[in-house]
Number of protein chains: 2
Amino acid sequence: MSKTRTKPYHHGDLKAALVDGAVELIVARGVRHFSLAELSRRLGVTVAAPYRHFANRDELLAAVAVRALQAFGEALAAQSTETDPPGERLAAMAGGYVRFAAEQADLFGVLFGLGLDKKKRHPELREAYEDVEGTMAACVAELCPGDPDGAEQLTDAVEATAHGYAALLTDQPGPLDPADVDRAVEQAASATRALIDGRAAFRRSR
Amino acid sequence: MSKTRTKPYHHGDLKAALVDGAVELIVARGVRHFSLAELSRRLGVTVAAPYRHFANRDELLAAVAVRALQAFGEALAAQSTETDPPGERLAAMAGGYVRFAAEQADLFGVLFGLGLDKKKRHPELREAYEDVEGTMAACVAELCPGDPDGAEQLTDAVEATAHGYAALLTDQPGPLDPADVDRAVEQAASATRALIDGRAAFRRSR
DNA sequence: TTTACTTTGTAAGAGGCGCTAACATCGCAA
DNA sequence: TTGCGATGTTAGCGCCTCTTACAAAGTAAA
């Protein structure tokens, strides 16, 4: 949105082009086969050029992850219709979590399982992810009034469950069977409802 | 168990040595930094030698995964004391799932997130994993007599939840905080109890 | 025992990768 | 105009996976 303020140097905002190109390449071929060298070739630039803008490969991937996280957050927020009761909204978000992971499997793969050091090296990623968690937590808060501790545990549980369906679904290479995706989305929503209904179990173990 | 039937050739059962060495290297340094070349050097063999026994790097990793899966299965089975009620056994298994992932993070990393093509390329892995699922399913069957469909959904949900806690916990590089691990183990068990208590929600959506 | 065959390892190298240091170029600003 | 900092290139190091051609070691039949 807000780039190309002034026509930059040789290439013309190579930094942005690198991130854009990386997203394209990753979506096209998967994170696992992404290489800085191929990206450079595509942009008509030598393999050393990216290092003027990113300290290393992981830093570029972190920039891609920020993009992915943004799309992820939007996908989740889109599931949350204000009119629905909070439980259904939460279930829909869990489903949306899984659906995003399935439909944008490669971007999802940048967010997780890549071993990016979110805590120390890329705190902006951690923050962005906490925003996503916040969207869920807001929903849960309506369900557990006056029990912030239980709310947190329920939030974690819903997140873990959605993430588990998502991770197991996308662990396999190759294209996904749409029926599998739909089933996983449904199950994640159902499991969320079950967690809500059975949430008293969290109180028992404290 | 059943190797070294006859004294083999030059090295003396290099194939087994490769798998053993790979496990050691992976446990010591993480899957992400494992290389066939370093393993070969360690075994005093040229880098080409492993290709006499494994078509490629992934095939060796699949062999390592079989080992990991065996350890994983044993860790899960150890959680299942016959005397406990099935619900508590299931909760303990979920906790064991997470604890194994945390304590053997690198072996767990070989099982998931490596993109090994379990379905097509390494069906023996898929089978072994289905055994693990079977252990859980047996437990769930006691909880849901006469409802095989609901039992399957509950099994999937418990598996996904445990896997989600495990994956989120081990996504970060570096050593884990034992307190985080204990909390995740506890929460996985609690979430399992919640799923059991709220399992009627699975029936609602069919 | 000799010969032929199979299995296992080596030597050499192609092609890829991430990353670095030294050098060249370009735009801006003093 | 000159000088400087930002950006890109050239060249190269060291690592990787994997392949091909060759050598050695065991096995088994003649």
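Here is how names work: the chains are called A, B, and so on, in the same order as the sequence lines, proteins then strands, and each is numbered from 1.
Base contact: A:A48 has a heavy atom under 4.0 Å from a base atom. Counting non-hydrogen atoms under 4.0 angstrom, B:V47 reaches a base of the nucleic acid.
Atom NE2 in B:H33 sits roughly 15 Å away from atom P in D:dC15 (whole-Å rounding). For the pair A:L39 CG and D:dG8 P, the interatomic distance rounds to 13 Å; values are reported in whole Å. A:D13 places its CG atom 15 Å from the C1' atom of D:dG8, with the value rounded to the nearest Å. Atom-to-atom, CZ of B:F54 to P of C:dG9 comes out at 11 Å; the value is rounded to the nearest Å. Separating the CG atom of A:L18 from the P atom of C:dC19 is a distance of 13 Å, rounded to the nearest angstrom. Spacing between atom CG of B:L61 and atom C1' of D:dC16 amounts to 14 Å, rounded to whole angstrom units. The CZ atom of A:F34 sits 12 Å away from the C1' atom of C:dG18 (whole-angstrom rounding). The distance from atom CG of A:L43 to atom P of D:dT7 is 16 Å, rounded to the nearest whole Å.
A pairwise comparison of heavy atoms in A:F54 and A:A63 identifies CE2-CB, 3.9 Å as the closest pair. Taking every heavy atom of both residues into account, B:K120 and B:P123 meet most closely at O-CD, 3.8 Å.
Under a 4.0 Å N-O distance rule, the pair B:D147/B:R203 qualifies as a salt bridge. The pair B:R89-B:E142 counts as a salt bridge, with a side-chain nitrogen and a carboxylate oxygen less than 4.0 angstrom apart. A salt bridge does not link A:E59 with A:R121: none of the charged nitrogens is closer than 4.0 Å to a carboxylate oxygen.
Remark on DNA chain C: of its neighbouring residues A:D58 and B:V45, the 5'-side contact belongs to B:V45, judged by nearest-heavy-atom nucleotide. Comparing A:L14 and B:R57 along DNA chain D, the residue whose closest nucleotide (by nearest heavy atom) sits nearer the 5' end is A:L14.
Taking the six-membered ring for Trp and thresholds of 30 and 60 degrees, B:F72 and B:Y129 have nearly parallel ring planes, at less than 30 degrees apart.
OP1 or OP2 of C:dC17 has at least one side-chain nitrogen or oxygen of A:R41 nearer than 4.0 Å. Between B:T46 and C:dG9 there is no side-chain N or O to OP1 or OP2 distance below 4.0 Å. The side chain of B:H53 places an N or O atom within less than 4.0 Å of a non-bridging phosphate oxygen (OP1 or OP2) of C:dG9.
Distances from the side chain of B:Y51 to the nucleotides D:dC18, C:dG18, D:dC15 place D:dC18 closest. Distances from the side chain of A:A49 to the nucleotides D:dC18, D:dT9, C:dC17 place D:dT9 closest.
Each end of the helix from C:dT1-D:dA30 to C:dA30-D:dT1 gets its own rotation axis from five pairs of C1' atoms, and the angle between them is 10° to the nearest 10 degrees.
Within the 4.5 Å cutoff, the side chain of A:V110 has no heavy atoms near those of the A:F34 side chain. B:L60 has its side chain within reach of B:L39: a pair of non-hydrogen atoms, C-beta onward, lies under 4.5 Å apart.
Judged by atom type and distance alone, A:R52 reaches the base of D:dG8 through a side-chain donor-acceptor pair under 3.5 Å.
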